[in-house]
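Have a look at the structure below, then the notes.
Just the heavy atoms: all of them, side chains too, but no hydrogens, waters or symmetry mates, feed the values below. A, B, ... follow the sequence lines: proteins, then strands. Residue 1 opens every chain.
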Amino acid sequence: MSYMLPHLHNGWQVDQAILAEEERVVVIRFGHDWDPTCMQMDEILYKITEKVKNFVAIYLVDITEVPDFNKMYELYDPCTVMFFYRNKHIMIDLGTGNNNKINWALDDEQEMIDIVETVYRGASKGRGLVVSPKDYSTKYRY
Amino acid sequence: MAADLPPALRQRLLKKGIIDTPPSPSSCPNAVNPYHECTDYCRQRYGGGVASKPTATAPKLPKQNEAPEAVMLLPQDWLQVRDDKTNHFYFWNKKTNEVSWYPPAKTTYQPKQTLAEEQRKRLSRKSGPSSFKKKKKKFTEDTDLDPMDPAAYSDAPRGTWQSGLEDKGEAKTGVDTTANGPLFQMRPYPSPGAILKMNKDIKS
């Protein structure tokens, strides 16, 4: 369902998309539309778009088309979701060891809604790091 | 006729095969060398050639017929043999079949320590503390590997002076990613705008 979500086609657009939002969290999915992991994540993102549109803006970025951030954001995974608020990267402690991003595909809408809501609440209070409502440190075990 | 030609011209004609090469003098000592071609000098010096002068006499070979004194000092299995062609002596190992023009090194020979030397050594060992002061402190060289360096005890490659320095355009979150829980600390990434600006700076 990646064609249902807005794509950003160059670095400048990514920058502007984040700068343009003053009161909303910007969720950016870095990856490829053809990637199975991304397809799964895009599906989740598309499903929540309507529900969270008041405080979240969701964009997709093709990391082959826009390679500007690959090095600095360490975009080596098939699918990476990052959160920005007022031109600031918001970290989230998911219990995975990587607080910077979600680099796997969630399989539940509500989990994603909870995460973005936590990010929004923390970020609007000025926090740079929020703690995820669910611990994903065991995601590979179960 | 060929003798009247200037040497440079003769060389060129010889090369083209227009004039015949004069026979090499039989007495030329280099004749045993298969790669040797007798030059005018050979003919002049050792005679027999076209350009030879009547006064040129056969060269005086050094008297090699008598075995040199070195034969007395030869190591085991080495023999001195005369080469018929050159009338020189060479050395031959009858076991390994090695040959050498030069006398082989005497490997089995070991000098004996003289009594005086031994005594001197023993004395210096006794007077250890007195000579201790003279010893200069040895400084370790820069090339020595620090035993605490990971390169000394693991497969890690040895770093250069610039390895580990901050590199522009690299993510600075590279904390220990294996640390988890409260130990884990990570700095946030810069904003996309900052990255675009940095990329521009690096390019220019």
Side-chain angles (χ1 to χ4, degrees), chain A residues 8-21 26-28 30 59 61 63 66-77 80-103 119 122-123 126-131 135-138, chain B residues 135-204:
Chain A
L8 303 171
H9 299 288
N10 55 48
W12 182 82
Q13 284 183 7
V14 177
D15 187 28
Q16 291 304 309
I18 291 166
L19 284 173
E21 298 294 343
V26 177
V27 177
I28 299 185
F30 294 97
Y59 296 101
V61 174
I63 55 172
V66 188
D68 304 357
F69 310 110
N70 289 6
K71 206 173 175 190
M72 284 300 282
Y73 286 168
E74 298 166 304
L75 303 172
Y76 313 126
D77 308 294
T80 305
V81 174
M82 289 173 61
F83 304 93
F84 296 90
Y85 185 74
R86 292 187 182 165
N87 202 24
K88 215 174 91 184
H89 171 223
I90 305 299
M91 298 198 293
I92 176 160
D93 185 0
L94 299 147
T96 55
N98 193 345
N99 293 357
N100 285 320
K101 48 192 155 188
I102 302 175
N103 53 5
V119 169
R127 293 211 180 116
L129 172 67
V130 296
V131 180
D135 185 7
Y136 290 93
S137 57
T138 57
Chain B
K135 272 186 187 171
K136 275 187 183 175
K137 196 187 171 189
K138 265 192 184 176
F139 288 101
T140 49
E141 283 174 42
D142 284 344
T143 50
D144 289 345
L145 197 54
D146 183 358
M148 291 303 285
D149 190 335
Y153 55 81
S154 73
D155 294 335
R158 195 171 178 188
T160 55
W161 66 270
Q162 60 174 358
S163 52
L165 284 181
E166 196 174 291
D167 189 14
K168 238 186 175 185
E170 288 281 351
K172 288 174 203 163
T173 51
V175 203
D176 186 7
T177 46
T178 56
N180 228 333
L183 280 176
F184 185 73
Q185 284 193 351
M186 208 177 225
R187 275 163 283 171
Y189 287 132
S191 66
I195 291 173
L196 291 176
K197 206 178 157 205
M198 193 188 293
N199 288 349
K200 215 187 229 173
D201 288 346
I202 290 168
K203 263 185 194 172
S204 63

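- Qualifying side chain to side chain donor-acceptor pair (under 3.5 Å) partners for D77(A), counting only residues two or more places apart in sequence or in other chains: N103(A).
- Between Y73(A) and S191(B), the shortest heavy-atom contact is OH-C, 3.4 Å.
- Taking each heavy atom of Y189(B) and H89(A) in turn, the nearest pair found is N-ND1, 2.8 Å.
- Heavy atoms only, all atoms of each residue included: N199(B) and D68(A) are closest at ND2-O, 3.1 Å.
- Residues W12(A) and L196(B) approach most closely at N-CD1, 3.8 Å, considering heavy atoms.
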